[in-house]
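Below: the structure, in structure tokens.
Here the structure is a predicted model, which means the values were calculated and not measured. Quick note: residue numbers are just sequence positions, from 1.
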Amino acid sequence: MAILTVTHWGAYEVEMAGGEAVALHPFRDDPDPSPIGLHMLAPGLDRLRIRRPAIRQGWLEGRAKSGRGREPFVEVSWDQALDLAAGELRRVIDTHGNRAVFGGSYGWSSAGRFHHAQSQVHRFLNSIGGYVRSTDSYSLGAARVLMPHIVAPMDELMARHTAWSVLEQHTRLFVTFGGVPAKNAQISQGGAIEHRIPGGLRRMAEAGCRFVNISPARDDLETGATFEWLPIRPNTDTALMLALCWVLHAEGLHDEAFLSTHCAGFDRFLPYLTGVADGQPKTPAWAAAITGIPGGRIEALAREMAAARTMLNIAWSLQRAHHGEQPFWALVTLAAMLGQVGLPGGGFGLGYGATNLMGSPNARFSGPTLPQGHNPVRDFIPVARIADMLLNPGAPFTYNGGTHAYPDIRLVYWAGGNPFHHHQDLNRLMQAWEAPETVVVNEQYWTPAARMADIVLPATTTLEREDIGYANRESHIIHMPAVKRPAGEARDDYAIFAALAERLGAAARFTEGREAGVWLRHIYEESRQRAAKAGVTLPDWDGLRQAGLAAIRAPATAPIFLSEFREDREAHALPTPTGLIEIFSETIAGFGIPDCPGHAVWRAPAEWLGAPEAGRHPLHLLSDQPVTRLHSQLDASPLSVADKVAGRAPICLHPRDAEARGLEDGQVVRVFNDRGACLAGLRVTDAVMPGVARLSTGAWFDPSLDDSGLERHGNPNVLTLDIGASGLSQGCIAQTCLVEVEAAPADPPAMRAHELPVLLSMR
């Protein structure tokens, strides 16, 4: 068997020469391998590796905070760097307590289950007394808070989606709000071993399933056959879903029996739907004026849904918007009215196409996991509120029915992820980033996060350490040997944290006396016992290392989403207060949150197209996931660089919008609003509807160092809005954003995101 490694994009076969990896090839059992991870050995990436510990010059010489992102770094020895980092942690904790330490990590750090930076940094910080944490995710900030109230927690729902084989056999109409973007499903957190989405969609189309893609972009669905595209004005899907509900009720097409036996609160929702409560019936004509979809097509689509076995799907991007809870709640309400929830091929899906997980038939068990320990610090923030926290210590915020206060953070320790990619309104984040006294980062490359730190500790990559590749409901568990020597003096996160814990008197709590290899055996054998309870037989640790991988077979019966609940709602009650699908939530209504009442509602978003802002910035910006990387990872790889236009991230405009602005395909353009501006390369295409601009995320943040505030590389998060989705979730709203596009200056500044910072030697 070939030597294998695992990344978020999939498993790859490693070609070795002279004891070192020299090339990566697709895993032979992957039906649709992603090309992204094939480029991990590219010289362009290796050039950007952090090879030695480095300290920002101004911080080293006088603890200055104002030079982050602009000053040179001084390379030092490991002992000096570790002494400085440990000393700062001790000083801050002794002076201000553990509530002054923020443990930043977004988890997208590596696919290995032991060398998972998020688990490592949290375990370390817990071993020294705890830290301020973040909750939820940028991807699912609104849905993670909402869904437990109305159906079940998102992680549980994601792992139980109806299998693609069942959809192929039974689904006759697949209506998706936001498409099924296979580019997103190139990944799973932990590794997408067998990519299922393209084949699943193709087989459904071949079996006669009809697809309707309701989206501002046509190309976020590909079935291998023709499908209907209904272009919709961004942020208006809730209005469309409500109108579909109105037609079902008005024409008696709703399933009264299912609503009465398996749902709670339809009677509380109905007055709003019919207009009794607010004077506005949610008719197709009403929705047509909001969405841009003709009222007649809305009426017909509702009838088509009721007449066929229909699966409703929603992309995660819809809840990354102002009032982002509402489209997810409206989708569940619409599916409940159709009454097909729990039937083979019917009901709803929350993100087919978001990751490779949804629709997997394979066995489910808890894989190898490094325990993070206990965090005695109760302070937290919703993940997308980091700038608010740093700028407004002590200020109140609401979250999931409670009122909390932002802590006063003096030290940020970041390992895994890049806040200068994920966060919104990056110019505001840069201002907030000056507040902490010290920023420590474990990082592999000279990313924007590393450049904005004070103490930078070089970490190894997946290829440079032994680990275990596993993801929920994937087809294999894989041994990942170290296939490459560490770059320069890089160390794995475990070694870094063990050395810091030793300096802080917490070595025993952090390591429990185990070296990394002992931990690998320990967490694997624990997961092996859990697998056995799920009917999966795995070899022992030595057997896995020898074989390289072990198969995780699918059970005889493929999953059907919520089928057990449908068959016996009492024996398989949902984990909601009523045990039912909550069309009306007494809990949420009881919170008294003005912008998130007790049932699905239409609320116009901030920067709505009818507001004065729209006159100056008339294009709605979509900042979706890129095709050629995960978030900002591997942005300097040949695959990612080849997708750039004139060296910048590509922005897509409809030909009508480009012509109206005198712009041509391939030229450099300036994208701007009141929050910021960036340069991008124009790609003219009719795959996006008029009035929409699409600029994918992930271009490494490249701010100008002058007073212009211009970002040079095409990072859309200098433009996005940094407010919470609602007082319920405080999720990010990157998809609610208006911009304008114009020609860039004749001689635009050069892009410098992939250049090394100035590195000085210690005198």
Using only atom types and a distance under 3.5 Å, with no angle test, would you say the side chain of [X] pairs donor to acceptor with the backbone of [Y]?
{"X": "Gln319", "Y": "Ser139", "result": "yes"}
{"X": "Gln340", "Y": "Ala308", "result": "yes"}
{"X": "Gln529", "Y": "Ala531", "result": "no"}

Q: Report yes or no: is the cationic atom of Arg218 (NZ for Lys, CZ for Arg) closer than 6.0 Å to the six-membered ring centre of Trp229, at no more than 45° off its axis?
A: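 Checked: cation-pi criterion met.
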
Presence of salt bridge, [Y] and [X], under 4.0 angstrom:
{"X": "Glu156", "Y": "Arg364", "value": "yes"}
{"X": "Glu206", "Y": "Arg203", "value": "no"}
{"X": "Arg172", "Y": "Glu304", "value": "no"}

Q: Could you go through the side-chain contact (heavy atoms from CB on, under 4.5 Å) check for His323 and Thr736 one step at a time?
A: CA-CA 10 Å; His323 312 299; Thr736 298; over 6 Å; no

In terms of the angle between their ring planes, are [X] and [Y] parallel, tilted or perpendicular, with boundaries placed at 30° and 60°?
{"X": "Trp286", "Y": "Trp602", "answer": "perpendicular"}
{"X": "His249", "Y": "His254", "answer": "tilted"}
{"X": "Phe258", "Y": "His262", "answer": "parallel"}

Q: Test Ser34 against Gln186 for side chain to side chain donor-acceptor pair (under 3.5 Å), laying out the working first.
A: CA-CA 6 Å; Ser34 169; Gln186 292 180 94; 2.8 Å; yes

Q. Should Arg569 and Thr261 be marked as a side chain to side chain donor-acceptor pair (under 3.5 Å) after you check the CA-CA gap, both sets of side-chain angles, and the distance that decides it?
A. CA-CA 8 Å; Arg569 61 183 173 83; Thr261 58; 4.9 Å; no

Q) Can you tell which of Arg196, Glu194, His161 makes a side chain to side chain donor-acceptor pair (under 3.5 Å) with Ser360? A) Arg196

Q: Answer with yes or no after comparing the ring centroid distance for Tyr470 and Phe365 against a 6.0 Å cut-off, counting only values under it.
A: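 Aromatic pair counts; centres sit under 6.0 Å.
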
Q: Check the surroundings of atom CZ in Arg553: do more than 12 heavy atoms from other residues, nucleotides or ligands lie under 6.0 Å from it?
A: no

Q. Counting only heavy atoms not in Gln546, do more than 12 sit closer than 6.0 Å to its CD atom?
A. no

Report all side-chain donor-acceptor pairs from residues 558-565 shorter than 3.5 Å, counting only partners two or more places apart or in another chain.
from: Ser563; atom 1: OG; to: Ile560; atom 2: O; distance (Å): 3.1

(Q) side-chain contact (heavy atoms from CB on, under 4.5 Å) for Ile193 and Asp30? Distances and angles first, verdict last. (A) CA-CA 6 Å; Ile193 310 302; Asp30 188 345; over 6 Å; no

Q) Do Asn356 and Glu474 have side-chain heavy atoms sitting under 4.5 Å apart? A) yes

(Q) Going by salt bridge (charged side-chain N to carboxylate O under 4.0 Å, His left out), Lys183 matches just one of Asp32, Asp219, Asp624. Which one? (A)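 When salt bridge (charged side-chain N to carboxylate O under 4.0 Å, His left out) is applied between Lys183 and each of Asp32, Asp219, Asp624, only Asp624 qualifies.
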
